[in-house]
Amino acid sequence: MRKKRNKRFLAIILACLMLFCVGCSEDILTGDDLDRAREAIAEKKWSLAERLLERYLREDGKNRWEAWLALLQCINSTGDHNRASVECLEVMLVEYDEDDEKLEYILAQLGKKYESMRRCDRAADAWSAYLDLGGLSSEQRVEAWRKLAAMQFAQRQFDAGEESLRQCLALPVSDHDKILCLLDLADQNMGLGNSQEVLDLSQQILDSEPDDRMRGLAGYLHADALEQLGQEKEALRQFERYRDFYPNVRVMDHRIELLRKNQGKKKQ
C-alpha cells in the first residue's frame with residue numbers, strides 16, 4: 001500500500017518543490033526562517049510566511065512537522081486553497097510514510113480536501129489508506145468507514161459501499177455510532193429504491209430509542225419507505241408523528257401536505 005502511494009505521489013513532490021521556488025529568488029530572507037515565519041503568521045503576512053517556510057523545508061530544517069503544519073495554515077488562509085493544500089499534503093504523505101501518528105492527520109485532511117473537491121476516487125483512496133493505520137480508535141474507524149462508504153456510493157460502487165457500512169456496524173462502538181451507520185445504510189438503500197430494506201433498517205433504529213434528532217431522521221425514512229410501498233395512510237401518520245423531531249420541519253410539512261391532498265382526492 002505505502003509503496004504504491006510513494007510511486008503515485010513522486011511526481012507531485014517534484015511539482016511542489018518547483019512551486020516552492022517561485023518568488024524566493026528575488027528576495028534575500030535573513031535570520032531563522034522558522035522564527036520569522038512564526039512572526040509573519042502572527043501578523044497574518046501569509047505570503048511572507050509561506051516563502052520562509054518553503055525555504056526552511058527545502059533546507060531540511062529540523063522542526064519539519066511544525067513547519068509543514070504552519071505552511072498548511074498559510075495556504076488555507078488565502079483564497080482558493082484546495083489544490084495547493086492537497087499538493088502540500090501529498091508531499092507530507094510521502095515524507096511521513098512510516099509514521100502512523102502523523103499519517104493519521106495527513107490522510108484525514110486529504111480525504112476531506114478531496115471530498116470538498118468532489119474527487120470521490122481520491123477521497124476513497126485516502127480513507128481506505130487511513131483505515132490501514134494502526135492505533136485508530138473505534139470512533140475514528142466509524143467516521144472513516146462512513147466517509148469511505150459515501151465516496152463509494154458516489155462512484156456507484158454500491159456493493160463496496162454497503163460492505164463498508166457493514167464493517168462500520170461490526171465495530172465495538174456506542175449505540176449512537178451504530179445508529180449513524182444504520183442511517184447511512186438506510187439512506188443509501190432509499191436512493192437505490194430498496195424501500196423494504198429502508199423500512200426494516202429505520203424500524204431497527206426507532207426500536208433502539210435514539211435521541212430526538214436521530215428519531216426524526218429515521219422517522220422520515222420510515223414514512224418515506226411506507227409511501228413508496230403504497231401504504232400512504234400509514235406514511236402520513238408517521239410523517240405527522242416524527243414531524244417535530246426532524247431537523248427541517250418545512251420538508252416534513254411539504255410531505256404531509258402532499259399526502260393529505262392525495263388522500264382527499266381518493267375520498268372524492
- [ ] Measure from the side-chain N and O atoms of R141 to the backbone N and O of C168, and report whether any donor-acceptor pair falls under 3.5 Å.
- [x] no
Task: Y56 side chain to K62 backbone, donor-acceptor under 3.5 Å - done: yes
- [ ] Flag the pair R260 and E240 as a salt bridge only when some basic side-chain nitrogen lies within less than 4.0 angstrom of an acidic carboxylate oxygen.
- [x] yes
Open item on the list: For a quick check under 3.5 Å, do D200 and Q204 share a side-chain donor-acceptor pair by atom type?
Closed with: no
Open item on the list: For the backbone of E197 and the side chain of N194, can you confirm whether one donor and one acceptor N or O come within less than 3.5 Å of each other?
Closed with: no
Open item on the list: Testing the 3.5 Å rule here: is there a donor-acceptor pair between the side chains of E95 and W65?
Closed with: no
Open item on the list: Pair E115, W127 - check side chain to side chain donor-acceptor pair (under 3.5 Å), show working.
Closed with: CA-CA 10 Å; E115 285 175 32; W127 289 117; 2.6 Å; yes
Task: Test side chain to side chain donor-acceptor pair (under 3.5 Å) applied to Q155 and D121, step by step - done: CA-CA 7 Å; Q155 297 176 84; D121 54 339; over 6 Å; no
Open item on the list: What I want to check is whether the side chains of Q231 and E227 have a donor and an acceptor closer together than 3.5 Å.
Closed with: no
TODO: Mind checking the CD-CG spacing from Q188 to L183? Nearest 0.5 Å is all I need.
DONE: 11.5 Å
- [ ] For residues Y220 and F239, establish whether the separation of their ring centroids is below 6.0 Å.
- [x] yes
- [ ] Say whether, by atom type as modelled, one donor and one acceptor occur between the side chain of K102 and the main chain of Y96 under 3.5 angstrom.
- [x] no
TODO: Check for a donor-acceptor pair, side chain of Y130 on one end and backbone N or O of Q140 on the other, with a separation under 3.5 Å.
DONE: no
- [ ] State, with a plain yes or no, whether a side-chain heavy atom of D211 is found less than 4.5 Å away from one of R215.
- [x] no
TODO: Can you measure from CG (L201) to CG (D184) and round to the nearest 0.5 angstrom?
DONE: 11.0 Å
